[in-house]
Amino acid sequence: MKEFFNVYNKAEEYFLVGCLAFTVCIVFLQVVMRNLFNYALPWCEELSRYIFVWLVWLGASMTTRKKGHIRVEFIFNIFGGKYRVFFEILTAVIWCGFCIFLAAISSQLVIKAYNINNVSTAMQLPMYISYLAIPVGVGIMSLRLIGQIIEIIKTMGKTPAKEALE
């Protein structure tokens, strides 16, 4: 199972870097076309926006894996010590619950967009593809949070609280 997640993590990183590079290229193409040829490609802005939406949600998932999200350390600093692990687990459970809620709500949006066959203006791309980034991103994020909760619980008795969280 660990091998699967290692492969997935690498694939996610390569996908995100590739999407970012592709977005930079099409935005550069749009700038060149507007300034040199006085012609704007109608699909460039739309495509870069939809790729950016996927970058944000999958990037949030990757940031969860690397524990890079901004957080307020106020409660952890006040209670510290032996209660720190409890608050780490509580925070992850609340965050995971929010991610599951957001995945459920956004899945309903995707289903509605699919059923009404809503398409984008310039590219005629089905809108549910763009909306799908939200449930996919928060779904993966919630799986990562569940894994982090399990790791904290596993290491709770073996190491001091601060080391278990790093």
Side-chain angles (χ1 to χ4, degrees), residues 1-27 46-115 118 125-166:
M1 190 66 147
K2 197 166 194 132
E3 182 65 30
F4 169 77
F5 284 113
N6 288 337
V7 169
Y8 174 76
N9 290 338
K10 281 292 180 197
E12 184 181 51
E13 287 181 24
Y14 287 131
F15 178 75
L16 289 172
V17 168
C19 283
L20 183 62
F22 182 68
T23 302
V24 168
C25 289
I26 62 173
V27 169
E46 196 171 277
L47 181 60
S48 64
R49 186 178 331 126
Y50 296 146
I51 292 172
F52 185 72
V53 168
W54 276 92
L55 280 169
V56 167
W57 288 104
L58 290 178
S61 167
M62 187 175 79
T63 305
T64 302
R65 174 176 56 97
K66 295 185 175 189
K67 298 178 183 173
H69 282 283
I70 297 172
R71 53 191 249 165
V72 178
E73 296 283 332
F74 177 70
I75 293 176
F76 302 111
N77 292 337
I78 287 177
F79 294 104
K82 62 182 179 179
Y83 297 112
R84 183 174 177 92
V85 173
F86 170 75
F87 284 111
E88 288 285 347
I89 292 172
L90 181 64
T91 303
V93 166
I94 291 170
W95 186 8
C96 185
F98 176 73
C99 286
I100 291 169
F101 169 76
L102 188 58
I105 296 298
S106 60
S107 294
Q108 292 174 0
L109 175 68
V110 170
I111 291 167
K112 283 181 184 177
Y114 179 79
N115 287 337
N118 194 7
L125 183 75
M127 289 303 295
Y128 75 88
I129 294 173
S130 177
Y131 296 155
L132 193 61
I134 302 169
V136 169
V138 294
I140 296 169
M141 199 180 316
S142 64
L143 291 175
R144 292 188 189 279
L145 288 166
I146 291 169
Q148 288 177 9
I149 293 167
I150 291 169
E151 282 300 311
I152 292 170
I153 292 171
K154 277 183 184 178
T155 58
M156 220 165 42
K158 298 178 183 174
T159 59
K162 193 167 187 171
E163 292 175 14
L165 303 172
E166 294 175 353

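Side-chain atoms are counted along with the backbone in the values below, which use heavy atoms only and exclude waters and symmetry mates. From a predicted model like this one, the values you see are computed outputs, not experimental measurements.
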Between [atom1] of [X] and [atom2] of [Y], what distance do you get to the nearest 0.5 Å?
X	Y	atom1	atom2	answer
Glu151	Glu88	CD	CD	13.5 Å
Ile89	Gln148	CD1	CD	11.5 Å
Tyr83	Ile78	OH	CD1	14.0 Å
Thr64	Leu143	OG1	CG	11.0 Å
Ile51	Leu55	CD1	CG	7.5 Å

Just wondering, are more than 12 heavy atoms of other shown residues or ligands nearer than 6.0 Å to CZ in Phe87? yes

Which atom pairs, donor and acceptor, lie under 3.5 Å between side-chain atoms of residues 98-111 and protein residues at least two apart or in another chain?
{"from": "Ser106", "atom 1": "OG", "to": "Leu102", "atom 2": "O", "distance (Å)": "2.7"}
{"from": "Ser106", "atom 1": "OG", "to": "Ala103", "atom 2": "O", "distance (Å)": "3.2"}
{"from": "Ser107", "atom 1": "OG", "to": "Ala103", "atom 2": "O", "distance (Å)": "2.6"}

Contacts satisfying ring-ring contact (aromatic ring centres under 6.0 Å, His included) that involve residues 52-71 (not counting sequence neighbours) are His69-Trp95

Start with the C-alpha distance between Tyr50 and Met127, add both sets of side-chain angles, then the distance that settles side chain to side chain contact (heavy atoms under 4.5 Å, CB included), and finish with yes or no. CA-CA 9 Å; Tyr50 296 146; Met127 289 303 295; 3.4 Å; yes

Sequence neighbours excluded, which residues qualify as side-chain contact (heavy atoms from CB on, under 4.5 Å) partners of Ala92? Ile149

Who pairs with Ile150 by side-chain contact (heavy atoms from CB on, under 4.5 Å), at least two apart in sequence or on another chain? Ile146, Lys154

Residues two or more places apart in sequence or in another chain: which of them pass salt bridge (charged side-chain N to carboxylate O under 4.0 Å, His left out) with Glu3? none

Kindly list each side-chain donor-acceptor pair under 3.5 angstrom involving residues 9-18, sequence neighbours excluded, with atom names and distances?
{"from": "Asn9", "atom 1": "OD1", "to": "Arg65", "atom 2": "NE", "distance (Å)": "3.4"}
{"from": "Asn9", "atom 1": "OD1", "to": "Arg144", "atom 2": "NH1", "distance (Å)": "3.0"}
{"from": "Asn9", "atom 1": "OD1", "to": "Arg144", "atom 2": "NH2", "distance (Å)": "3.1"}
{"from": "Asn9", "atom 1": "ND2", "to": "Phe5", "atom 2": "O", "distance (Å)": "3.1"}
{"from": "Glu12", "atom 1": "OE1", "to": "Arg144", "atom 2": "NH2", "distance (Å)": "2.7"}
{"from": "Glu12", "atom 1": "OE2", "to": "Tyr8", "atom 2": "OH", "distance (Å)": "3.3"}
{"from": "Glu12", "atom 1": "OE2", "to": "Ser61", "atom 2": "OG", "distance (Å)": "3.4"}
{"from": "Glu13", "atom 1": "OE2", "to": "Arg65", "atom 2": "NH2", "distance (Å)": "2.6"}

